[in-house]
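Scroll down for the structure; my scribbles are underneath it.
Every number for a ligand or one of its atoms is a count from 1 in the order of the listing.
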Amino acid sequence: MNFYVMTLFPEMIDAVMRESIIGRAVQNGLLSVKTYNIRDYAFNKHSRVDDYPYGGGAGMLMQAEPVWQTYEAICRDAGCDALPVIYLTPKGRTFSQDHAAKIARLDHVVLLCGHYEGIDERVLEEIVTDEISIGDYVLTGGEIPAMAVIDAVARLIPGVLHNDESAETESFSNGLLEYPQYTRPEVWHDRSVPEVLLSGHHANVEHWRHMEALKATAVRRPDLIDPETLTSQELEAVSDILKR
Ligand code: 6GU
């Protein structure tokens with residue numbers, strides 16, 4: 001899996017991608033994250049990449065040509081005629097686990113980080129294949145969203161997570177939020193670990209975890225639950241919560 005990030009702040013991405021699980025995966029050759037500074041592809045001697053919007057208004061826009069030249073350089077490096085380009089913008093579709101899974105199947109993907117008030121629409125029309133937002137709030141640029149996308153996709157690539165970090169059992173992989181977890185000591189601040197977890201009865205533990213996950217989801221994210229798909233026992237456990 002090869003990520004190519006078009007940005008005005010490559011150091012931001014490079015620094016984060018060296019750390020932790022993603023850093024280890026890059027070291028192990030399971031993924032690559034290559035940053036391209038759009039300013040390096042400015043076509044004027046002052047390395048300017050922004051200009052005033054036609055029609056007036058506040059703020060500056062990123063010009064089309066440096067973005068285009070950066071994209072062309074990436075295509076040359078990747079040895080491809082064209083590449084999928086995801087533009088990180090608050091106008092995009094909200095990023096989800098499904099979206100991450102689809103991206104994880106690609107060999108190459110370009111992430112375009114906007115800054116200023118936006119990017120000249122014409123280069124977006126020519127190169128962008130998908131637009132992603134990471135939520136309904138506005139950030140100063142697309143770098144943090146790009147890193148969120150890389151992180152969510154990377155952990156789905158086989159080998160990136162070790163067995164004890166498995167992607168399987170966590171929030172969203174089964175459409176539910178995570179069940180509560182406990183480690184030693186057995187009693188802390190007068191709070192005991194739920195009895196069933198000490199029982200050694202694997203099936204009971206699994207059942208308890210499933211019901212806790214379902215209840216947590218009903219309380220926090222009822223929008224993730226379709227009551228039609230629940231068994232009568234599940235429905236009984238959450239119907240009061242869902243009615244609230
Ligand atoms: Cl992708 N970009 C910016 N600038 N702000 C955001 C965002 C993206 N997603 C949520 N807020």
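Counting protein heavy atoms only, atom 10 (C) of ligand 1 is closest to G135 O, 3.1 Å. Protein heavy atom at the shortest distance from atom 2 (N) of ligand 1 is P90 CD, 3.5 Å. Looking from atom 11 (N) of ligand 1 to the surrounding protein, the closest heavy atom is Y137 O, 2.5 Å.
Taken from CD1 in I144 to CZ in F9, the straight-line distance is 11.5 Å, to the nearest 0.5 Å. Between the CE atom of M147 and the CG atom of L111 there is a distance of 11.0 Å, given to the nearest 0.5 Å. Taking CG of L242 as the reference point, atom CG of L230 lies at 7.5 Å (rounded to 0.5 Å). Interatomic distance, SG of C113 versus CG of L88, reported as 5.5 Å (0.5 Å rounding). With rounding to the nearest 0.5 angstrom, the CE atom of M211 is 5.0 Å from the NE2 atom of H207.
Less than 4.0 angstrom separates some heavy atom of P145 from each of these atoms of ligand 1: 1 (Cl), 2 (N), 7 (C), 8 (C). Within ligand 1, the atoms closer than 4.0 Å to a non-hydrogen atom of L88 are 1 (Cl), numbered from 1 in the order shown. Here is the list of ligand 1 atoms found below 4.0 Å of a heavy atom in S133: 1 (Cl), 9 (N), 10 (C). Atoms of ligand 1 lying under 4.0 Å from any heavy atom of I132, numbered from 1 in the order shown and given with element: 1 (Cl).
For an aromatic pair to be called close, the ring centres must be under 6.0 Å apart, and H108 with F3 fails this.
The residue among L139, T140, I144, D136 with a heavy atom at the shortest distance from atom 4 (N) of ligand 1 is L139.
Residue-to-ligand polar distances place I134 within reach of ligand 1: an N/O pair is separated by less than 3.5 Å.
For the ligand labelled ligand 1, residue G92 lies outside the 4.0 Å heavy-atom shell.
Residues I86 and I103 form a side-chain contact, since some pair of their non-hydrogen atoms from C-beta on lies under 4.5 Å apart.
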Inset, instruction - For the pair V5 and V110, evaluate side-chain contact (heavy atoms from CB on, under 4.5 Å) and give the outcome as yes or no after the intermediate values. - result: CA-CA 6 Å; V5 187; V110 180; over 6 Å; no

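Only the backbone of T89 comes within 4.0 Å of ligand 1, counting heavy atoms alone; no side-chain atom from C-beta on gets that close.
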